[in-house]
Amino acid sequence: MLILPFIEQTALHDQFDFKAQFTSTSNVPGSATNHALFQQANPNYQCPSDINARSNNNNICYFGVQGGGDTPNCYTQAQRVFFINGVLFHNSEITFRDITDGSSNVFAIGETKYCLTKGGRSDGIVAGWASAAKLDAHGTPLVLAAAMLQINSYPYHGGQADTLDWSTRLFGSFHPGGCQFLVADGAVRFVSDTIDLATYRQLAVRNDALPTGGFAQ
Amino acid sequence: MNKLDKRLLRLVPLVGVVVGLVLAPSGCGQTGPGRYVLSGTVTYEGKPVPVGEIHLAPDTSKGNSGPGTIALIKDGQYRTQPNRGIVGGPYIVTILGFDGVPVGDSEAGSELFPPYRVEVEFPKQSTVYNFEVPSARAQKP
């Protein structure tokens, strides 16, 4: 939401009430103003290849990379995970000098097909591009994921299955064979879903001095 | 056939080259390393695990490498997904098991046991492997 002014959506940014509560999932609504905006589609956050990316749907195809590895810093219910070793996580204030692996070797944003959206659950609960973290006994990040499980390894997308227990743990897309990542230096790289898992996890961590070879050229 | 049609026809091989150039670097058609189907059963305290996940990560500490994969457990049975099998060799296997009774907004339900980690060496061929998760009380804290 805070980057809206930088992608020519200042008008939309200014409609949000940043002093009021934000919606997390549709069953945990924020203020009336913020919830109404949550329900709107934002085409800037939708990839045309995603079958859930429709003008009447509020889904998002890009999640911040909260970190990587095989063990999260903490998790709730059925593995809704929180990592803090990446570039974007809750209350993170990571600057370029904190990315000691080098901004060319660390993921910042990745593609996802796992945002819970219309069709995913029989009770109609959805997340969206303007979701804030859900902070209850079943809490979860909603626009963040970690490089924990292999790209595309969960076989169902957010429009056909309940992805609330999955969306924080992996990235994925409808592009054949992998998904795109925005690297912290601004480059966009297509990463194959057959990438070596250990290397992939290291690329999501900002300060582990790994992988030793950097991003494979 | 008029002149324009002939000129268009001459472009056909060029279009083929362009399509090939676009597709080649994107990895279309690549199968990556050999992948083998892994399947079997998962039990906990002698009973099938109703809902769960198996995370399969090549064990780099033992020199293995390659893509990881997951298998979903349903009623005690699991099977890797098509074209997303294992590469064989030493693996770190993490098993999550849930009771399948929805709680809050989670359909998987509550954890039956803390994530269970075990090291397994798989053969480089399709394999049936049955996991028995030891009782949480017997596991080291």
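Reckoned from all heavy atoms, side chains included, excluding hydrogens, waters and symmetry mates. Throughout, protein chains are lettered first and strands after them, A, B, ... in sequence-line order, and every chain is numbered starting at 1.
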Measure distances from A:I195 to the heavy atoms of chain B and classify the residue's part below 4.5 Å as side chain, backbone, both or neither.
backbone
Checking side-chain polar atoms at under 3.5 Å, does A:S104 have a donor or acceptor matched by the opposite partner on A:D185?
yes
Any salt bridge between B:E53 and B:K74, counting N to O under 4.0 Å?
no
Applying a strict 4.5 Å limit to non-hydrogen atoms, the region of B:E107 in contact with chain A is both
Hey, would you say the B:Y44 and B:F113 ring centroids sit under 6.0 Å apart?
yes
Considering only heavy atoms, which portion of A:Y154 lies under 4.5 Å from any heavy atom of chain B: side chain, backbone, both, or neither?
both
Per-residue tally against chain B (heavy atom, under 4.5 Å) across A:D123, A:L197, A:N152 peaks at A:L197
Would you mind telling me which of A:L149, A:I125, A:L170, A:I151 has the largest number of heavy-atom pairs within less than 4.5 Å of chain B?
A:L149
Can we call the ring centroids of A:F107 and A:F181 under 6.0 Å apart?
yes
Can you tell which part of A:T140 gets under 4.5 Å to a heavy atom of chain B, answering side chain, backbone, both or neither?
neither
Toward chain A, the part of B:I92 with a non-hydrogen atom under 4.5 Å:
neither
Identify whether the distance between the nearest side-chain nitrogen and carboxylate oxygen of A:R201 and A:D196 falls below 4.0 Å.
no
Residue B:T60 versus chain A: region with a heavy atom under 4.5 Å
side chain
Would you please say whether a donor-acceptor pair under 3.5 Å links the side chains of B:E45 and B:S135?
yes
Sub-6.0 Å ring centroid separation between A:F174 and A:H157
yes
Side chain, backbone, both or neither of B:V51 within contact of chain A (heavy atoms, under 4.5 Å):
neither
